[in-house]
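In what follows, a single structure is set out as structure tokens and then discussed.
First the proteins, then the strands, lettered A, B, ... as listed; each starts at 1. All values derive from a computational prediction rather than experimental measurement.
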Amino acid sequence: AQRVTQPEKLLSVFKGAPVELKCNYSYSGSPELFWYVQYSRQRLQLLLRHISRESIKGFTADLNKGETSFHLKKPFAQEEDSAMYYCALRGTSYGKLTFGQGTILTVHP
Amino acid sequence: SAVISQKPSRDICQRGTSLTIQCQVDSQVTMMFWYRQQPGQSLTLIATANQGSEATYESGFVIDKFPISRPNLTFSTLTVSNMSPEDSSIYLCSVIYHQGTDTQYFGPGTRLTVL
């Protein structure tokens, strides 16, 4: 079985502060991990994926297989980063994404 | 990126009735999926909509309750049958444009409330 855990439902930081959204997963094979974001009144959209090892909007995420984690980080949070963030895992079943519960990030001015 | 539309965007329905949700994509896609997001919960995959054949349902979801059609490569419908208040959720259509890419795009969702 595959499972994704985001331990924090709510996360508040001030503008310019570092932010880390935690994600832990459980999967017996080699998973693909993703971060999705949903801004207010917008649809769910892909933020980044571990395969690409890219930085999007200043966010990065590293897959740590030893700790089974895929935490999302940004060194300097901006107010426009306020949104709901979902960590998701894809195993062997192509297309099937297992989502975490989501973390609401609020960046205060 | 994909342009995915869903109809209706929201609805309030009576217990025991059925609602059909439509998903339209701007171009042909390889795979289409239906997800559910219950209040305060995360997204859960209901089924994969297969073009020209029966949908593939995830554990806990059955065709009699959630019949799905996909007559072509750009359109799919999900029906929520014999609704109860527990079916109140956001239902999302999702697509992958072509195999070999891992980007899954999501529609805006349909917010369903069952009284």
- [ ] For A:R43 and B:Y105, indicate whether the former's side chain and the latter's backbone hold a donor-acceptor pair under 3.5 Å.
- [x] no
- [ ] Could you please state which residues from residues 107-115 of chain B sit under 4.5 angstrom from chain A, measuring non-hydrogen atom to non-hydrogen atom, sorted by number, or 'none'?
- [x] B:G107, B:P108
- [ ] May I ask whether A:Y36 and B:Y35 are part of the same hydrophobic cluster, defined by side-chain heavy atoms of I, L, V, M, F, W, Y residues being less than 4.5 angstrom apart, directly or through others?
- [x] yes
- [ ] State yes or no: do B:M83 and B:Y57 share one hydrophobic cluster built from I, L, V, M, F, W and Y residues joined by side-chain heavy-atom distances below 4.5 Å, directly or via other members?
- [x] yes
Open item on the list: Between A:R49 and B:T103, does the side chain to side chain contact (heavy atoms under 4.5 Å, CB included) criterion hold? Intermediate values first, please.
Closed with: CA-CA 9 Å; A:R49 65 199 107 178; B:T103 301; 3.0 Å; yes
Open item on the list: Nearest 0.5 Å, please: how far is CZ in A:F99 from CD in B:Q37?
Closed with: 9.0 Å
Open item on the list: Show, in sequence, the C-alpha distance, side-chain angles and deciding distance for B:F106 and A:L97, and conclude whether the side chain to side chain contact (heavy atoms under 4.5 Å, CB included) test is met.
Closed with: CA-CA 12 Å; B:F106 286 83; A:L97 289 173; 4.3 Å; yes
TODO: Might you confirm whether atom CD of A:E80 has over 12 heavy atoms from other residues, nucleotides or ligands at distances under 6.0 Å?
DONE: yes
Open item on the list: Tell me whether the count of non-hydrogen atoms from other residues, nucleotides or ligands lying under 6.0 Å of OH in A:Y39 goes above 12.
Closed with: yes
Task: Joint cluster assignment, A:V37 & A:M84, ILVMFWY side-chain distance < 4.5 Å - done: no
Task: Verify same cluster id: A:L21, A:Y86 (apolar side-chain graph, 4.5 Å) - done: no
- [ ] Give the cluster check for B:L78 versus B:I90: same hydrophobic cluster or not, with ILVMFWY residues linked at side-chain heavy-atom distances below 4.5 Å.
- [x] no
TODO: Kindly determine whether A:L44 and B:L43 satisfy side chain to side chain contact (heavy atoms under 4.5 Å, CB included), including the steps that lead there.
DONE: CA-CA 11 Å; A:L44 195 63; B:L43 289 81; 3.8 Å; yes
- [ ] Working to the nearest 0.5 Å, report the span between CD of B:Q41 and CD of A:Q101.
- [x] 5.5 Å
Open item on the list: Surrounding NZ of B:K65 (heavy atoms of other residues, nucleotides or ligands, distance under 6.0 Å), is the total greater than 12?
Closed with: yes
